[in-house]
Structure formats: C-alpha cells, structure tokens
Amino acid sequence: MIERYDFRAIERKARARWTPDMYRAKCDDPERKFYCLEMFPYPSGELHMGHVRNYSIGDVLARFLRMNGYDVLHPMGWDAFGLPAENAAIKHRTHPARWTWSNIEHMKEQFGMLGTSYDWEREVTTASPDYYQWTQWLFLLMFRRGLAYRKRASVNWCPQCETVLANEQVEGGLCWRCDTVVGTRELEQWFLKITDYADRLLADLDQLQGWPERVRVMQQNWIGRSEGVELVFPVADTKEPIPVFTTRHDTVYGATYVVLAPEHPLVEILMSRHPSEELATFVRRTRAIDPAQRIAEDFVKEGVFTGAYAVNQFTGENIPIWIGNYVVYEYGTGAVMGVPAHDQRDLEFARKYGLAVRVVIQDAGHSLEASTLDRAYVDHGTMVESGPFTGLPNTEGQDRIADYAEQRGLGRRRVNYRLRDWLISRQRYWGAPIPVVYCDHCGIMPVPEEQLPVVLPLDIEFSPGPSPLASLESFICTTCPGCGGTARRETDTMDTFIDSSWYYLRYCSPGNRERAFDPEAAGYWMPVDQYIGGIEHAVLHLLYSRFITKVLHDEGMLKVEEPFVRLLTQGMVVKEGAKMSKSKGNVVSPDEIIRKFGADTARLFILFAAPPEKDLEWSETGVEGASRFLQRVWRLVTSHADSVGGMGNNPGPGAGELVRETHRAIKRVTHDIRQRYNFNTAISALMELVNALYRYREGTTRPDRAAMCQAVEKLVLMLAPFAPHLSEELWSRLGHAKSVHLEAWPDYDEALVLADEVTVVVQVDGRVRDRLTVAVDLTMDEVQELAIASERVRPYLAGRTIRRVVGVPGKLVNIVTA
RNA sequence: GCCGAAGUGGCGGAAUCGGCAGACGCGGCGGUCUCAAAAACCGUUGGAGGCAACUCCAUGUGGGUUCAACUCCCACCUUCGGCACCA
C-alpha cells in the first residue's frame with residue numbers, strides 16, 4: 001500500500017524541525033561570502049503572487065548556495081513607513097502603527113508557510129525608532145556634507161495623497177502610488193543633491209555588467225546627460241546676461257530670437273519695463289499648467305514677445321526676446337536660443353509668429369532656402385553665413401565655436417543632466433521625521449546626533465486631511481540646539497524611499513546601537529552579490545540606493561561604490577494577460593494555493609512556468625502539473641525508501657547509463673541554477689531524471705540497485721532548494737538524521753557525464769538522412785566512413801560526387817555533394 | 001522623435017559556443033485499470049502529402065553569409081517597455 005503525499009502533514013513537520021541556526025550566516029570566510037537579497041516588502045497585510053515569485057527565487061538561490069558551502073546572508077525586513085497605513089488608519093479607525101505591526105505579524109507567518117530560509121534574527125523594520133533613528137542620522141550626514149538643502153521651488157503635488165512627490169515618483173503625469181493627476185505647487189521643500197552625483201551614477205553603470213541591460217538604459221535615460229555650450233545673449237540696452245544652453249552651438253549664427261521660460265526671473269523685470277496685459281495673462285496662465293498637460297499630445301506651442309531685445313554676440317544683431325510655454329525652467333538655464341532653420345520646434349514657432357529664418361548649415365546635395373523651408377534641417381552639413389566659420393563642416397565648427405566662445409567670454413562648455421535633485425520632504429505623518437528645527441535666531445538647525453531619534457509621536461487621532469503632525473503643538477514646540485531659545489520642529493517626514501535606500505546596510509549589523517551599520521560588518525558582506533526584485537524600481541529605489549552608497553563611500557564608511565553587483569528583475573505574475581489586481585478581480589491568493597496544493601507546489605510552479613525575468617501567466621492546470629510531479633517524486637522515493645536506506649553508496653559494475661544519466665542531471669541542474677538563473681530548465685532537468693528513474697524501475701532491464709539508490713538520493717538533494725519541505729521528509733525517510741538543507745550539494749563526475757555511445761546525425765547537403773549510434777572513442781575518419789557507407793545515406797549519394805565531408809565530433813557528419 | 005527588449009506548436013516554454021527545431025510541462029486525442037468515474041499508468045500529439053517506408057514545408061517578413069542559421073549580418077513589420085517640446 002503506497003502512502004499518499006500528504007503535503008499538509010509533511011510541510012508542518014518540516015517547519016517544526018527547522019531551527020534559526022540553520023539559516024544563520026557564519027561570517028567566517030570572506031572568500032565564500034554571499035549576500036543574497038530580495039527587495040523587502042511593504043507590509044500591506046497580505047503576500048501576493050508577485051511576492052511569492054520574488055521570494056521563491058531568492059530562497060532557491062540561498063538554499064542552493066548554502067549547500068554549496070557558501071556563507072550566505074539572507075535577511076528579510078519591512079519597508080514599513082508609508083501612506084497606505086495612514087489611509088487604513090482613517091478607514092478602519094485604528095493607528096498606522098498598530099495596522100502596520102499586525103500586518104507584519106501576519107505576513108511573517110505567510111513567509112513561514114512558504115518555507116523561506118531567512119535569518120530572522122537580522123529582521124529590520126523601517127518604522128521602528130531603532131531603525132529610523134539612523135535614517136535621520138543619514139539625513140544629518142547629508143546635511144553636513146551639503147547634500148541636503150531647503151529651497152523654494154515649483155514642485156509636484158498629489159492632491160489625493162496631499163503631499164509633494166519626487167520627479168521619479170511621477171509616472172506619465174500621474175502619482176506612482178494612486179494614479180492621480182499630479183499638479184504643481186510653489187513650496188519650500190527639502191532636497192537631496194543627487195545631481196552632484198549625476199556623472200558618477202551614469203559612468204558607473206558600465207561597471208554593472210550583472211544588471212539587465214534595460215535597467216541600465218532606463219537609468220541612463222533618466223539621468224539624461226547632454227554635452228553642449230552655455231552661450232550668453234546680453235539684453236540689448238541693459239546688458240543683463242541671458243545664458244542659454246545648446247547642443248547645437250554650430251547653428252548660433254542662425255539664432256534669430258531668444259525664448260525664456262515663463263518662470264524665468266528676468267520675465268518679471270522685462271514685464272515691468274514693457275507692461276502689457278497680454279504678456280501678464282500669458283505668463284500667469286502658462287505657469288499654472290499641470291505637468292500632465294505639458295506632456296499631452298495636443299499641447300500647443302505658444303509665446304509672447306516681451307518687447308525687449310538681446311544681442312547675438314556672434315552676429316552682433318539685436319534679436320527679440322520671447323516667452324514660450326514650451327521652455328522648461330528647470331532644465332538648462334530656463335532659456336533657449338531659437339534657430340528656426342535647424343530645429344523643428346523653432347521652425348514651427350518662427351512661422352507661427354513671423355520670426356526670421358536663416359539657414360547656416362547647408363546640406364551637400366540640396367540648397368536650402370530659408371523662405372521655402374518646410375522642415376528644419378537637423379543633419380550635418382557645411383556651415384554658411386557663419387562669419388569666420390563659414391565653409392567648415394559643422395562637426396568641426398562645433399569645437400571651433402566652443403573654443404571661440406570660451407576665449408572671448410561669450411560662453412563655455414557645459415554638461416547638462418535631465419536628472420533633478422531628489423525632493424524628500426513629505427507632508428505626511430507615517431514616516432521618519434526630518435531632524436531639523438527652525439529658530440528665529442539661528443535659522444535652520446539640524447538636531448544634534450545624540451538627540452536622535454526625533455520620535456514620531458504615536459498618541460494621535462486620525463482623520464482625513466493633512467498630516468496631524470503639522471498641527472501637533474507638543475511635537476512642534478521645542479528648544480533650539482544652538483541658542484536654547486524656543487524653536488519649531490520641522491513637521492514634514494522623509495520620503496520612504498530614503499528608508500529603503502540603506503536597509504541592505506543595516507542587515508549587516510542589525511542590532512547596532514552605536515551606528516547605522518558597522519563598517520567592518522558592511523565591509524565583509526557588501527556588496528550585495530545578488531539582488532532580486534521588480535522592474536518597477538528601475539529608476540526609483542535602485543537609483544536612490546546607488547546614490548546613498550556613493551555618499552557613504554565618500555564619507556569613508558563603505559569600501560564599495562555600488563551596492564548591488566548582480567540584479568535580477570523578475571517579471572510580473574499575470575492572469576488573463578493582465579497584472580493581478582483587486583480592481584480587475586483576477587487575484588489568486590497565495591494562502592489559498594498553499595492550502596490547496598502546499599507551499600512546495602506553489603514554489604515549484606512559479607519557478608517552472610517561465611524564466612524569472614519574464615512575465616508569468618498564472619495557470620491552475622500548470623499548478624496541478626507541478627503538484628503531480630511532486631507526487632511522482634513522493635511515490636518514487638517512498639517506494640524505494642526501505643531498500644535504499646540500508647544500501648551502500650557505491651554502485652556496482654553495470655550501473656551504466658543510470659549513473660551517467662544522474663550525473664548529467666546534476667551537471668545541468670547545477671549549471672542552470674548557478675550560471676544561468678534559469679530555474680525553469682533546472683526543474684525540467686529534474687523532471688527528466690524522474691522520468692528516467694520510472695523507466696528504469698518499470699522497464700525490462702533491471703536497474704542496478706546501488707545506482708538506483710544513489711540516483712534517488714541525488715534527486716532529493718537537488719530538489720531541496722525548490723521543494724524544501726518534501727525533500728526534508730524524503731531525506732529523513734531515506735535514513736538520514738541530518739537535515740537535507742545542511743547537506744552538501746551533489747557533485748558530478750565529468751567523465752561520467754559523457755555516454756560511451758553517442759548518436760551522430762548524418763546529413764547530406766544539410767538534410768538529416770540517418771542517425772548512427774557509435775562509440776565515443778571512434779575517430780572522426782571512422783565515423784565519416786560509417787556515414788558514407790550507411791544504407792539510408794547511399795541513395796542520396798547515387799550519381800553525385802562527394803565534394804567534402806564536414807564532421808562535428810560527437811554530433812554530426814555533413815556530406816556535401818557537388 | 002530618441003533608446004531598448006522581444007516575436008518559435010493549441011498554450012507556457014526549450015534549443016548553453018553556428019550543428020537533429022519543438023526538451024520539460026499544460027491542454028487534446030486514443031488506450032489500460034474500473035460496474036462507472038476520479039486518480040494513476042501507457043501510447044500519441046507542428047503542418048501538408050502518402051497504405052507505408054518516407055518526403056516536403058516550418059522559428060514575424062524579405063534578402064545575405066555558411067557545408068550548416070531560431071542563433072550571425074542587412075532591411076523591414078509587429079508587440080511591449082523606458083525617455084521626451086530636454087534646447
């Protein structure tokens with residue numbers, strides 16, 4: 001009577017057996033250290049399938065590496081600050097802290113049910129004071145290094161979340177969290193000077209060869225470096241300089257006007273000199289436009305003449321100064337030169353408002369005519385009407401004009417970045433308070449380090465509307481650390497992306513009370529060898545973390561300049577082609593799948609159904625298939641367990657093909673996990689081994705018992721990372737006292753991987769005509785002789801001459817005829 | 001507009017260095033067991049032709065390189081993703 005695969009009992013038993021020390025890092029061998037990290041979750045209350053995928057991938061790797069003798073750090077924690085907790089507090093009349101902590105408790109149980117092998121002794125929670133104290137410390141460090149500053153600016157505002165947002169958190173004009181259309185507000189806010197690191201963040205992308213190409217490209221696009229020249233156009237009568245940034249300084253002789261962004265400071269001055277109702281209305285209206293409207297397709301380019309003129313210092317001409325709604329104040333200098341003949345936007349603008357068009361680059365083939373030009377000529381060519389530069393190829397003219405401008409003080413070479421500074425203050429409650437006080441006497445005062453943490457007060461009532469901190473006098477009123485007088489606390493909290501930009505460092509020395517992290521521990525563990533998470537953080541979390549790592553490196557606290565050596569961005573779990581979401585009603589709950597099929601099946605399916613970086617279509621029948629496979633393994637191993645238990649491990653002579661098949665499987669599974677991270681093909685190799693074992697058991701040729709035992713044992717060892725519970729049970733039934741997860745990963749013998757016979761394909765003119773089974777040690781000549789002599793091949797050679805024979809050892813012979 | 005990735009059976013996918021296209025799984029079809037069903041097991045399953053042995057076609061499209069191309073090169077089409085009045 002074969003015992004049923006009772007996954008519930010098996011998984012319960014295995015979990016009860018596992019102890020924390022099994023997964024504890026040893027910290028004793030820097031050569032064998034491996035930091036395996038998955039992006040920590042926001043404690044929303046429930047793990048979803050995306051989490052199951054993310055954490056199954058990480059867990060397979062961690063378990064695999066431990067079995068391979070690595071000292072593995074595999075921690076988990078909680079990105080626990082954030083707005084959903086506040087919303088839930090209002091909705092359920094609870095407190096964000098209570099909601100968050102009870103979610104954590106529940107999700108930790110779910111992690112347990114999944115069978116993940118974390119070192120929970122290193123758990124971190126960003127919302128706990130012993131963590132956010134160090135987030136605040138990090139802010140002070142940034143402040144001390146001149147990287148945190150306060151400035152009044154036009155900033156992104158989400159009306160739904162009632163807070164400002166960083167540029168990275170506005171996606172297509174919508175709030176990253178709630179998809180509300182983002183507006184702008186003129187506010188004084190805290191920023192981190194990530195732009196100071198733009199060049200390094202860009203240049204070091206080259207080092208990140210272990211990252212997916214597309215993530216590097218996304219960051220490259222986001223940083224958006226462009227090389228050009230800043231040229232000065234002085235206002236005609238007053239000589240006030242108007243610097244403009246351009247990458248096409250070779251066209252400067254064709255600049256027939258200058259356009260300012262409506263927010264440009266000069267606009268107010270020019271308006272006061274030439275008061276105009278039209279101008280004032282235009283400026284007011286344009287400044288009020290949402291970022292979402294600006295990127296809309298039907299956004300019309302409009303402008304107004306200021307009445308003033310500037311000097312094109314190259315031609316000596318006076319050219320009109322306009323204000324345009326398409327000039328972005330935050331980019332470059334907030335002013336551009338208009339070269340209608342060589343920029344499509346400028347041409348449209350010039351035609352619309354009757355501005356002069358002048359061709360200064362000529363195409364070799366055609367003769368461009370300003371009056372008839374219907375498309376701007378943007379390609380390379382010869383410079384014309386360009387003073388001393390006339391006749392030069394424009395590429396050469398670019399250098400010459402830049403030199404000329406620098407020599408005569410008309411401008412200078414400059415690199416511009418699209419990246420903006422990171423806006424980090426949030427008008428929300430559930431975050432780390434920014435450790436700053438405002439004193440009428442001393443100004444902006446950082447809270448001294450020894451006074452950290454600035455504790456987030458918990459005794460608060462929640463209702464819709466702005467952050468309760470903003471009106472909490474007991475929090476706000478304080479004393480100035482400088483003069484001891486009365487002062488007011490900053491009531492904004494920090495962007496939660498700061499919390500998560502350094503958590504991987506905290507794991508290295510989680511309990512440390514003296515510092516954010518112990519540089520020695522971080523020196524041992526950093527960098528993270530393998531990071532696993534969603535693509536949605538390609539420019540958010542992953543860029544911020546790189547920035548913070550570089551700052552801490554510059555501070556002398558970290559040896560590394562990049563936090564994550566290898567990055568695996570796993571695809572989404574989708575159903576019916578769409579991402580699982582409550583609104584679409586296509587959510588499959590991990591709890592339900594675990595209850596119905598067990599965690600091992602859930603893990604196996606999700607790893608088998610697609611390679612990790614691709615989207616994965618959820619399939620109930622696919623899950624059943626995974627379950628069926630584990631049942632097959634169960635029956636195979638349990639029915640052998642009695643006989644296998646007492647057997648020695650030395651296969652006798654004649655074990656033959658089964659031994660080789662086992663060694664081939666070990667090689668493939670090892671390689672697929674370690675080199676390729678292709679868990680789907682690793683699992684298929686295990687399936688093939690199981691299929692082979694069934695064939696041997698049921699086939700007519702009696703398997704060698706010892707070889708069979710060994711194959712079964714290796715199978716269970718290799719299954720351990722994927723299906724940790726079942727493997728544990730089977731391993732113990734095979735008579736082993738030690739946990740399978742403490743065993744060594746099986747080795748393979750390269751000599752045994754090779755079969756003693758191989759199938760060689762025989763082609764005639766590239767078409768397969770026969771297959772020969774030959775001994776491996778046959779020479780190529782012998783194989784070719786056999787091929788030509790083949791019965792099946794002969795008809796195709798009849799009446800033709802053999803021109804040449806191509807041979808690939810162990811694989812193929814191609815007979816080429818004339 | 002710029003940049004990037006991907007197109008393979010009914011489906012998910014495999015083919016690791018240019019060498020048998022479709023491993024493995026799902027689904028389908030046929031069978032064994034059964035009073036019957038489920039489960040399990042066995043066989044079969046890209047398309048066309050053929051009684052069959054077998055032959056031809058086939059990896060988005062069109063070219064090219066090669067003895068040999070899913071794989072390399074050129075052009076194009078489609079889908080997805082990122083950036084975008086960025087000067």
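Residue numbers start from 1 in every chain, and the chains themselves are labelled A, B, ... in the order their sequence lines are given, proteins ahead of strands. Worth saying up front: this structure is predicted, and the values here are computed from it rather than measured.
Among B/rC26, B/rC83, B/rA87, the nucleotide with an atom closest to any side-chain atom of A/Trp222 is B/rC83.
Phosphate contact (OP1/OP2 of B/rC41, side-chain N/O of A/Arg695, threshold under 4.0 Å): absent. The phosphate of B/rA15 has OP1 or OP2 within less than 4.0 Å of a side-chain N or O from A/Arg676. Residue A/Lys614 has a polar side-chain atom (N or O) positioned under 4.0 Å from OP1 or OP2 of B/rG13. OP1 or OP2 of B/rG25 lies within a sub-4.0 Å distance of a side-chain N or O belonging to A/Asn691. In terms of phosphate contacts, A/Arg214 brings no side-chain nitrogen or oxygen within less than 4.0 Å of OP1 or OP2 of B/rA6. For B/rC41, one of the phosphate oxygens OP1 or OP2 lies less than 4.0 angstrom from a side-chain nitrogen or oxygen of A/Arg635.
At a threshold of 4.0 angstrom between heavy atoms, the contacts of A/Pro212 with the nucleic acid are absent. Contacts of A/Phe605 with the nucleic acid, taken as non-hydrogen atoms under 4.0 Å apart, are absent.
At whole-Å resolution of the value, CE in A/Met687 and P in B/rC26 are 7 Å apart. Distance NZ (A/Lys811) to P (B/rU16): 9 Å, rounded to an integer number of Å. Here the C1' atom of nucleotide B/rU79 and the CG atom of A/Asp615 are 13 Å apart, to the nearest Å.
Geometric assessment of A/Arg632 against the ring of A/Tyr694 yields a positive cation-pi assignment under the 6.0 Å and 45° thresholds.
Side-chain atoms of A/Arg771 and base atoms of B/rC20 include a donor and an acceptor less than 3.5 Å apart. Evaluation of atom-type donor-acceptor distances gives a pair under 3.5 Å for the side chain of A/Arg420 against the base of B/rC86. Between the side chain of A/Asn814 and the base of B/rC67, a donor-acceptor pair under 3.5 Å is found.
With respect to A/Lys579 and A/Asp615, no salt bridge is recorded, no charged nitrogen being found less than 4.0 Å from a carboxylate O. Salt-bridge check for A/Asp250 with A/Arg248: passed, with a basic side-chain N closer than 4.0 Å to an acidic carboxylate O. Salt-bridge annotation for A/Glu168 and A/Arg420: absent, with no side-chain N of the basic residue lying under 4.0 Å from a carboxylate O of the acidic one.
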